[in-house]
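Position 1 is the first residue of the sequence; numbering continues from there. Because the structure is predicted, anything quoted here is derived from the model rather than measured.
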Amino acid sequence: AQGAMRKPPEHYLALARRNAALRNAPHEVAANQLLEAQLLGPGTPDGARLLDEAQRAFDRMDMRWHVRQVEDARRAAGA
């Protein structure tokens, strides 16, 4: 939420994406995708695409807890 002297969420998501890329941190990239999907709405086309990307990344890294977080987000959205 934007307030006095605060920037919109997109600003901070862009910083998080940039930092994850600079650090070459696939876990952070996927976590950012999950968060952004939740903010956009997992049932939206962009949200669903980001969930797919995050889930593929978490699967590759064998991060089961994170995969369950993606699955929970899908369920909550009815997707």
For residues 61-72, please give each side-chain donor-acceptor pair under 3.5 Å, one per line with the distance, not counting sequence neighbours.
| residue | atom | partner | partner atom | Å |
| --- | --- | --- | --- | --- |
| Arg64 | NH1 | Asp59 | OD1 | 3.0 |
| His66 | NE2 | His27 | NE2 | 3.2 |
| Asp72 | OD1 | Arg75 | NH2 | 2.5 |

When every non-hydrogen atom of Ala73 is compared with those of Leu51, the smallest separation belongs to CB-CD2, 4.2 Å
Heavy-atom nearest pair, Ala54 first then Ala30, reads CB-O, 3.6 Å
Arg56 meets the salt bridge (charged side-chain N to carboxylate O under 4.0 Å, His left out) criterion, sequence neighbours left out, with none
Hits for salt bridge (charged side-chain N to carboxylate O under 4.0 Å, His left out) against Arg23, two or more places apart or cross-chain, chain-then-number order -> Glu28
Sequence neighbours excluded, the answer for side-chain hydrogen bond (donor to acceptor under 3.5 Å, both in side chains) partners of Arg18 is none
For Asp52, the side-chain hydrogen bond (donor to acceptor under 3.5 Å, both in side chains) test, sequence neighbours excluded, returns Arg74
Tracing side-chain contacts under 4.5 Å among Ile, Leu, Val, Met, Phe, Trp and Tyr outward from Leu13 reaches Leu35, Leu39
Apart from Leu50 itself, its cluster of hydrophobic side chains linked below 4.5 Å comprises Leu40
Applied to residues 33-42, the salt bridge (charged side-chain N to carboxylate O under 4.0 Å, His left out) test, sequence neighbours excluded, yields Arg17-Glu36
The complete set of side chain to side chain donor-acceptor pair (under 3.5 Å) pairs with one or both residues in residues 37-47, sequence neighbours excluded, reads none
The complete set of ring-ring contact (aromatic ring centres under 6.0 Å, His included) pairs with one or both residues in residues 37-57, sequence neighbours excluded, reads none
Between the OH atom in Tyr12 and the CZ atom in Arg6, the distance rounded to the nearest 0.5 Å is 8.0 Å
Sorted by chain and residue number, the ring pair (Phe, Tyr, Trp, His ring centres under 6.0 Å) partners of His11 (sequence neighbours excluded) come out as none
